[in-house]
Amino acid sequence: MAVAGPAKTKTPALEHPMKQVLQQVTGGEIEVVDVPAPKLLAGCVLVRTAASLVSVGTERASSEFARKNLLRKARMRPDLVREVWNKVRRDGFVSTVSAVRNRMDQPSAPGYSSAGIVVAVGEGVTDIRPGDRVACAGAGHAVHAEFACIPRLLVARIPANAEVSLDQAAATTVGAVALHGVRIADVKLGDIVAVIGLGLLGQLTVQILKAAGCRVVGMDIDLGRVDLALRVGADAASTSSSDFRDLCMQASGGRGADAVLITAQTPSSDPVNLAAEVARDRAIITAVGTVGTELDRRTFYEKELDFRVSRSYGPGRYDAAYEQKGIDYPIGYVRWTETRNMDAFLQLLADRKVDVGALITHRFPIERAQSAYDLILGKSQEKFLGVLITYPEHAEEARRIHVVREASEKERDKTPAARGARSVAIGVLGAGSFATGTLLPAIKKVGGSTLVGICAANGSHAHHSAKKFGFRYAATDEDSMIADPAINTIVVATRHHLHSRQVVAALKSGKHVFCEKPLCLNEGELREIVSAHGEAPGRPLLMVGFNRRFAPLAIKLKNFLSRIHEPMALHYRVNAGFIPVDHWLNDPEQGGGRVIGEVCHFVDFLTFLVGVRPIEVQAQSLPNPGKYSNDNVIASLRFADGSQGTISYLANGDKSYSKERVEIFGGGSVAMLEDFRRLELVNEGHKKVFRSLFRQDKGHLGEWEAFVSAVHAKGESPTPFEQIVATMHATFALEESRCSGQPIVVEGSNNHQIVE
């Protein structure tokens with residue numbers, strides 16, 4: 001009777017990745033790489049790109065900065081230098097170097113203005129259909145790639161039956177920037193308007209002003225751009241500052257320009273002060289381009305000039321609720337949002353009031369994207385204005401999984417199908433800064449695992465992480481990866497609102513799960529996880545990344561406290577640091593807030609030290625002057641053995657100070673652990689001090705070693721499931737107490753069993 005050999009697994013949907021332009025943060029090199037196509041998200045549309053515009057100003061500045069050495073970068077960004085130095089003092093040299101290297105290693109995805117054809121729409125999008133021709137906007141969205149997932153309010157439909165090419169529509173974002181600048185300048189029919197800087201942005205501004213019924217005088221040091229401005233509509237233009245002054249006075253009868261728009265890109269303040277010279281009394285000067293702002297106060301004072309800065313392409317920009325969640329501003333209150341500015345610019349194209357075709361000087365297929373950047377950086381010594389990257393007209397639909405390397409025979413022999421449930425064959429969901437900077441380096445260092453696939457909504461992030469850490473494939477399709485028979489362990493490192501769904505799906509597939517904290521965001525999700533865990537085939541392990549209990553100094557501390565047989569008093573002070581109100585962690589839907597998203601760590605650690613679960617909690621936040629997000633919280637926990645714990649989680653301190661400090665009193669002993677680098681143990685007048693001089697160890701290596709060992713041994717989770725559930729119950733109770741101001745009995749606290 002023949003014996004079957006090891007089953008060979010097949011990775012699904014491997015062909016036809018898409019091409020995308022990426023730029024290295026260090027050195028600025030441009031690469032065209034094959035990456036998995038983006039995942040279509042709710043509230044978004046998936047667009048097959050036809051053309052994308054290379055931003056001469058923004059992308060050239062980014063490339064030039066990337067090419068500078070570390071010393072020159074430090075001189076330009078002293079704020080980052082201070083941040084690094086503070087981290088060295090707090091976390092140690094080795095930990096800081098690792099964090100900086102990870103940050104410098106991540107490539108960026110340039111591009112923010114494109115056009116193409118919609119191939120699919122996400123849940124909640126009702127006014128866009130597959131087949132629509134659209135213009136797309138947004139850094140991180142309208143990137144230089146064959147396919148892009150774009151939030152609905154960063155998409156504008158090209159008017160039906162309009163003779164607007166996708167090449168022209170690719171300039172819509174820059175057109176919206178110009179249009180918003182004109183609105184900020186508050187120009188009116190018949191105004192005399194001066195435009196300083198006649199690059200692509202300036203040329204579009206000239207044409208929009210003419211469409212608005214203004215007389216336009218332009219200025220640029222490049223004669224070719226001056227001639228072009230005259231051809232597309234400027235009433236007068238010059239390369240000379242003195243001639244420009246004369247032209248403005250002639251056009252205005254000696255009074256000066258009613259408004260001046262500065263569309264140049266230069267660190268010099270000369271354009272701003274030239275604008276003041278040519279402006280009339282009480283005129284409006286608007287900086288649309290990035291220029292120096294050292295104003296000649298005397299001129300501005302004598303004319304009582306109004307200096308304004310135009311922010312990007314309209315209201316809604318930089319507002320996560322608008323751009324990411326699709327919450328539009330009512331038109332009765334905000335007439336011209338960024339989306340409506342895009343719509344208006346496309347209508348100008350349709351009405352032939354603006355001619356983008358005359359401004360496009362170069363087109364490069366995506367395979368030759370490097371040539372486009374050589375051009376804008378001046379390497380070819382060739383003049384340019386509008387630069388497009390173009391894409392295949394009938395590109396095949398790109399797949400959402402891309403093989404980075406083929407599995408070796410040795411790896412195939414180690415797949416779960418070949419070795420059974422003892423192997424640790426990993427699929428990672430999430431490729432953010434924590435996953436790539438902390439979790440994956442720990443997994444690699446511990447070893448004992450096979451890295452199969454890594455999935456992220458952004459294909460370039462997944463591709464980079466797959467190459468860096470040695471995964472076989474990168475993906476944007478989490479369902480296919482969870483279903484992959486070559487994987488028996490799912491690591492969840494996505495944003496918090498995704499954890500519950502992904503954990504449940506993995507458990508139902510019979511996979512072991514390692515989930516970063518928090519496990520979920522509410523009691524309903526927790527009940528679903530408990531149910532899925534109880535019904536999961538094969539009794540898979542579930543562990544949450546409460547890493548601090550596995551730190552070497554934490555284990556010494558726990559051993560010291562084990563001799564105490566009376567209630568203890570514990571205080572955990574966390575100098576968490578300020579984050580903006582609109583940070584995703586503060587979003588109740590995405591992050592759950594800082595109590596659920598972060599304080600759960602410290603609830604778990606105090607529970608670990610005491611050895612029994614909390615049975616009652618209370619939390620209050622400091623009065624909020626409008627700066628914070630109820631994230632200055634004092635929490636009290638009463639444990640089943642009578643111990644009392646306090647967590648002071650504070651966002652109002654100085655981040656250069658130590659972040660975490662735990663103090664414990666009980667049984668005639670005192671212990672203090674600071675930033676997991678210094679431990680003091682005091683008993684009977686004797687003090688022992690343990691230090692970690694060069695690095696901070698918060699237990700990430702230890703927790704992964706324990707998890708891998710448990711999988712290999714077919715044992716229980718290193719953090720028992722009951723403890724994980726108890727910690728989440730206590731954390732939800734803390735958030736409930738913070739909102740109500742009342743003490744809360746923790747769900748399940750009638751079971752006071754020891755949790756060691």
Side-chain angles (χ1 to χ4, degrees), residues 492 494-504 507 513 515-534 542-549 570 572 574 576 584-610 612-621 629-640 643-649 651 717 719-753 755:
V492 178
T494 51
R495 289 191 176 184
H496 300 168
H497 68 298
L498 301 174
H499 288 189
S500 174
R501 173 171 58 80
Q502 293 169 339
V503 167
V504 168
L507 288 173
V513 179
C515 178
E516 262 312 310
K517 60 82 194 167
L519 177 61
C520 53
L521 294 184
N522 55 59
E523 291 284 1
E525 291 181 347
L526 184 58
R527 284 192 290 272
E528 290 182 17
I529 291 171
V530 171
S531 176
H533 182 263
L542 171 60
M543 184 171 172
V544 175
F546 293 136
N547 50 281
R548 284 162 174 78
R549 60 167 62 202
L570 307 93
Y572 204 140
V574 185
W584 70 267
L585 185 57
N586 283 326
D587 183 343
E589 295 179 5
Q590 280 202 22
R594 298 184 85 176
V595 171
I596 292 175
E598 294 187 347
V599 174
C600 60
H601 253 319
F602 316 117
V603 172
D604 175 78
F605 192 65
L606 292 188
T607 302
F608 165 70
L609 295 179
V610 174
V612 296
R613 67 183 63 202
I615 59 174
E616 184 179 82
V617 301
Q618 185 167 12
Q620 291 184 329
S621 55
S629 300
N630 292 312
D631 49 2
N632 292 297
V633 179
I634 310 300
S636 298
L637 299 90
R638 182 165 64 89
F639 292 87
S643 293
Q644 297 279 345
T646 304
I647 300 172
S648 299
Y649 183 89
S717 171
T719 305
F721 184 65
E722 294 76 15
Q723 296 182 28
I724 295 170
V725 172
T727 292
M728 294 313 304
H729 279 316
T731 304
F732 297 144
L734 279 174
E735 178 64 3
E736 182 183 350
S737 176
R738 186 195 65 76
C739 294
S740 69
Q742 300 298 315
I744 303 294
V745 175
V746 179
E747 184 171 333
S749 59
N750 57 330
N751 181 357
H752 295 169
Q753 68 185 55
V755 298

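Note that the numbering runs from 1 along the sequence shown for the chain.
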(request) Could you tell me which residues satisfy salt bridge (Lys or Arg N to Asp or Glu O under 4.0 Å) with Arg495, sequence neighbours excluded, listed by chain and number? (result) none

(request) For Leu637 and Pro614, work out which heavy atoms get closest and say how close. (result) CD2-CB, 4.1 Å

(message) If the condition is side-chain hydrogen bond (donor to acceptor under 3.5 Å, both in side chains), which residues does Thr719 pass it with, not counting sequence neighbours?
(response) none

(request) Spell out, as yes or no, whether a donor-acceptor pair under 3.5 Å connects the side chain of Ser737 to the backbone of Ala733. (result) no

(message) Under the rule for ring pair (Phe, Tyr, Trp, His ring centres under 6.0 Å), what residues qualify as partners of His729, not counting sequence neighbours?
(response) none

(message) Applying side chain to side chain contact (heavy atoms under 4.5 Å, CB included), can you list everything that pairs with Ser531, at least two apart in sequence or on another chain?
(response) Glu535

(request) Please list, chain by chain and in numerical order, all residues satisfying ring pair (Phe, Tyr, Trp, His ring centres under 6.0 Å) with Phe732, sequence neighbours excluded. (result) none

(request) List for me each residue that meets side-chain hydrogen bond (donor to acceptor under 3.5 Å, both in side chains) alongside Ser629, sequence neighbours excluded, and say none if there are none. (result) Asn586

(message) Just to verify, what does Glu735 make a side-chain hydrogen bond (donor to acceptor under 3.5 Å, both in side chains) with, not counting sequence neighbours?
(response) Arg738

(request) Might you point out which heavy atoms bring Glu616 and Val746 nearest each other, and give the distance in Å? (result) N-CG2, 3.9 Å

(request) Taking salt bridge (Lys or Arg N to Asp or Glu O under 4.0 Å) as the test, write out the residues that go with Arg527, two or more places apart. (result) none

(request) List in chain and number order the residues that pass side-chain hydrogen bond (donor to acceptor under 3.5 Å, both in side chains) with Ser648, two or more places apart in sequence or in another chain; answer none if no residue qualifies. (result) His571

(message) My understanding is that only residues two or more places apart in sequence, or in another chain, count here; which of them pass ring pair (Phe, Tyr, Trp, His ring centres under 6.0 Å) with His499?
(response) His496

(message) Suppose we screen for salt bridge (Lys or Arg N to Asp or Glu O under 4.0 Å). Which residues come up paired with Arg594, at least two apart in sequence or across chains?
(response) Glu598, Asp631

(message) Can you confirm whether Gln620 is buried at CD, in the sense that more than 12 heavy atoms of other residues, nucleotides or ligands lie under 6.0 Å from that atom?
(response) no

(request) State plainly whether the residues Arg549 and Asp604 are in salt-bridge range, i.e. N to O under 4.0 Å. (result) yes

(message) If the condition is side chain to side chain contact (heavy atoms under 4.5 Å, CB included), which residues does Leu570 pass it with, not counting sequence neighbours?
(response) Met568, Leu606, Leu609, Val610, Ser643, Ile664

(request) Rounded to the nearest 0.5 Å, what's the gap from CD1 on Ile724 to SG on Cys515? Could you check? (result) 9.0 Å

(request) Considering non-hydrogen atoms only, spot the tightest contact between Thr731 and Val595 and give its length. (result) CG2-O, 3.5 Å

